[in-house]
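Fair warning: this is a prediction, and the values are worked out from it, not measured in the lab. Quick note: numbers below take in every heavy atom, side chains included, and nothing from hydrogens, waters or symmetry partners. FYI, the numbering just counts along the sequence from 1.
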Amino acid sequence: MFGSLKRRWKARSKGSDAEFPLVIRHEPEAELDLAYPFQAYFFLDNVRHAVNQAAAGADPAVAVRPEKLEGRAQAETIRVGISPSAPAARSSKLLIHLLDRIVDDEPSAFRYTYRGIARLYLRQTRKAFRDFAKASKCDPGYAPVHVVRGLAHLWLSVPYAPYLDLERAMKFDPRWSHSEIMIPIRANPRNAEDAAVKQFGQALRLDPAYVPALVAVASCMIGDEEYFLASGLLDRALEHKPTYVDAHYQMARVDMFTNRYKAALKAVDRAIELDPNGVDAHLLKSNILFLNNKRAEALRDLDLVAERFPDFPLNVKVRHHRGLVRQVCREPDKAEEDFSWLIAEQPHDLTAYMQRGTLRLRMDRYDEAMADFDAASSVDPRAPGSYIAMGMAKSDRKLYAEAMEDLNKGLLLAPNNLHALRARAAVHAGLGNFEKAHSDLDKALEQRPDNLDAMALRGSLWVGQGEYEKAIPELEYVLSHNPADSHAICHLAVAHAHTGRTNAARKGFVKAFKKAEQQGNKAAMQLVREHYPEIDRKPL
């Protein structure tokens with residue numbers, strides 16, 4: 001290799017000819033020990049530390065420290081020294097410049113991977129993924145690059161890609177099948193989760209006390225709502241290792257989903273105590289507070305979390321979460337601020353465009369919402385959600401021809417999407433094609449017989465077709481499970497009015513109008529006015 005080399009690189013900026021001393025110290029070549037569960041996280045955390053310190057210009061010797069990489073056979077680290085006086089932006093450039101020199105000196109899969117991670121944290125996303133591709137080309141069997149690329153895809157919320165990346169890593173090093181990185185579960189396609197459960201089951205047969213596998217299987221059971229079984233596995237995990245952070249985190253989820261909020265807060269506080277930098281635990285705590293009707297406290301907690309994690313990519317996760325909570329808490333302007341910040345920071349963030357578009361629709365800012373959905377479809381033309389959202393919004397405005405075009409695009413990409421099928425059924429009904437509307441609803445209800453939205457629409461179709469006796473039991477069933485559905489209340493009142501139940505009809509219209517008024521549902525209020533004009537002339 002190279003010995004310790006001192007190099008000077010002249011960094012010029014406007015009004016400055018200052019030189020900054022840079023030191024590159026190459027240490028022995030190394031391989032990450034993939035058998036150690038958190039190895040990838042240690043690696044990433046140390047690179048993040050190096051990048052953040054370089055960007056802050058606060059530490060003259062930032063480094064990936066070999067002592068953090070336990071179990072290494074031959075460890076390579078690249079230490080980078082940067083003058084503490086260098087401004088943040090210039091320090092970032094110096095870091096990348098040094099990494100460029102290191103890669104040029106002797107290209108390797110490790111070095112491309114290292115530079116890719118640094119670029120990822122400096123928000124040079126495209127260049128980062130180009131480096132990951134070069135690392136794979138250098139050594140297609142280098143498992144760590146597939147793992148870190150999977151984690152990058154996970155941070156950027158790219159669906160399915162994290163699972164595929166981990167599959168590649170496992171192909172070259174089967175030890176990843178027992179890792180607690182758990183990308184396939186968090187990526188969350190159903191078949192990936194089944195495969196993961198099988199692999200973790202194999203790990204438990206080899207070692208019944210292997211805590212990461214116990215917690216991983218418990219996490220899958222939580223997803224399947226098997227909370228009692230999940231709780232038992234987590235108890236076993238904590239008996240073996242009481243300080244295992246993720247076991248406390250998953251136990252908090254079990255308690256939250258079973259409405260035991262006091263126990264959930266205790267468990268999540270323990271997880272935060274053991275790992276104060278675990279952002280997921282902080283976000284879970286805000287959810288528990290929110291569900292326990294402590295909304296102000298949940299928002300206050302989220303503000304503190306946002307201050308605590310200002311750096312990419314954790315700040316992205318926090319902003320997404322806070323935006324959604326603010327939206328539910330009826331703070332649309334503040335929620336929009338979070339989504340707009342996300343879009344400014346990550347112009348290719350499909351989810352942020354969708355969230356802001358949905359929010360703007362609720363704020364009756366139709367044109368701006370359509371612009372957001374259109375931007376989302378430009379970011380990923382193969383994502384069905386943006387077309388479906390546009391189609392649903394246009395359907396609500398009775399722009400049926402345009403809505404049909406968008407919904408057909410969405411259903412071409414996702415043929416069984418329940419929201420799209422229901423929305424297209426409404427469009428067919430608006431165009432008077434009741435047979436096609438029923439066909440779409442039958443397809444939706446075949447997949448989810450308990451889907452109340454589809455059932456409510458089918459009840460309203462029967463009303464529109466004059467089949468009032470068919471509509472009444474359907475709408476009554478919907479309202480027995482969702483008494484606040486003002487559209488269903490109104491359509492049931494129409495059915496009562498046409499079957500001689502005048503008193504029930506009048507009470508239904510009044511109730512529907514009150515509910516719609518409380519919800520701020522202008523469309524439902526207008527629907528009542530169309531069928532019962534007296535609503536504005538009689539006291540409620």
Side-chain angles (χ1 to χ4, degrees), residues 32-46 49 65 67-71 151 175-186 193 196-197 199-289 291-292 294 298 301 304-305 308-309 314 317:
L32 291 174
D33 179 9
L34 301 182
Y36 189 68
F38 270 124
Q39 195 72 141
Y41 284 129
F42 278 146
F43 182 59
L44 290 170
D45 283 346
N46 280 283
H49 174 75
R65 297 184 293 279
E67 62 269 19
K68 281 281 191 175
L69 302 178
E70 298 186 23
L151 290 168
R175 287 176 294 177
W176 275 105
S177 64
H178 305 323
S179 166
E180 62 187 300
I181 300 301
M182 289 168 41
I183 293 173
I185 295 173
R186 290 171 184 166
E193 187 172 314
V197 171
Q199 288 155 7
F200 288 125
Q202 290 171 352
L204 286 173
R205 279 192 290 276
L206 292 170
D207 180 2
Y210 184 51
V211 171
L214 286 168
V215 175
V217 175
S219 174
C220 295
M221 289 181 172
I222 293 170
D224 289 335
E225 299 183 7
E226 296 177 357
Y227 303 123
F228 180 76
L229 294 174
S231 180
L233 287 173
L234 293 170
D235 284 337
R236 279 172 56 192
L238 289 169
E239 283 176 15
H240 292 299
K241 195 169 183 181
T243 58
Y244 195 75
V245 177
D246 203 38
H248 291 285
Y249 172 81
Q250 298 297 345
M251 188 66 85
R253 292 182 66 215
V254 169
D255 290 331
M256 180 183 74
F257 289 131
T258 52
N259 303 321
R260 293 181 295 180
Y261 300 122
K262 188 175 180 179
L265 281 172
K266 184 178 179 180
V268 79
D269 281 339
R270 179 61 176 148
I272 292 170
E273 179 187 343
L274 290 167
D275 180 13
N277 294 319
V279 68
D280 287 336
H282 288 282
L283 298 183
L284 179 63
K285 183 176 181 179
S286 74
N287 277 343
I288 296 166
L289 291 169
L291 291 171
N292 200 23
K294 297 180 179 179
D301 201 57
L304 293 173
V305 174
R308 183 184 181 88
F309 301 103
L314 298 183
K317 185 179 287 191

*Asks:* What is the minimum heavy-atom distance between E273 and P276, and which atoms define it?
*Replies:* O-CD, 4.0 Å
*Asks:* Does H248 reach the main-chain N or O of D269 with its side chain, forming a donor-acceptor pair under 3.5 Å?
*Replies:* no
*Asks:* Just by modelled atom types, is the P208 backbone N or O under 3.5 Å from a matching donor or acceptor in the R236 side chain?
*Replies:* yes
*Asks:* About how many Å separate OH of Y249 and NZ of K285, when rounded to the nearest 0.5 Å?
*Replies:* 14.5 Å
*Asks:* Report yes if the side chains of H240 and L214 come closer than 4.5 Å at any heavy-atom pair, otherwise no.
*Replies:* yes
*Asks:* Do M256 and N292 come within less than 4.5 Å of each other through their side chains, counting heavy atoms only?
*Replies:* no
*Asks:* Within the 4.5 Å heavy-atom criterion, are L289 and L265 side-chain neighbours or not?
*Replies:* yes
*Asks:* Given side chains that start at C-beta, do those of E239 and V211 come closer than 4.5 Å, heavy atoms only?
*Replies:* no
*Asks:* I need the single residue from R260, K266, K262 that forms a side chain to side chain donor-acceptor pair (under 3.5 Å) with D255. Which is it?
*Replies:* R260
*Asks:* Does Y227 have any ring pair (Phe, Tyr, Trp, His ring centres under 6.0 Å) partners at least two apart in sequence or in another chain, and if so, which?
*Replies:* F257
*Asks:* Working to the nearest 0.5 Å, report the span between CG of L234 and CG of D246.
*Replies:* 8.5 Å
*Asks:* Do M251 and D235 come within less than 4.5 Å of each other through their side chains, counting heavy atoms only?
*Replies:* yes
*Asks:* Does the side chain of L233 come within less than 4.5 Å of V215's, by heavy atoms?
*Replies:* no
*Asks:* Taking all heavy atoms of V254 and all of A230, pick out the closest pair and write down the distance.
*Replies:* CG2-CB, 4.1 Å
*Asks:* For A252 versus L284, what's the shortest heavy-atom pair and its separation?
*Replies:* CB-CD2, 3.7 Å
*Asks:* What are the two closest heavy atoms between A281 and I272, and how far apart are they?
*Replies:* CB-CG1, 3.7 Å
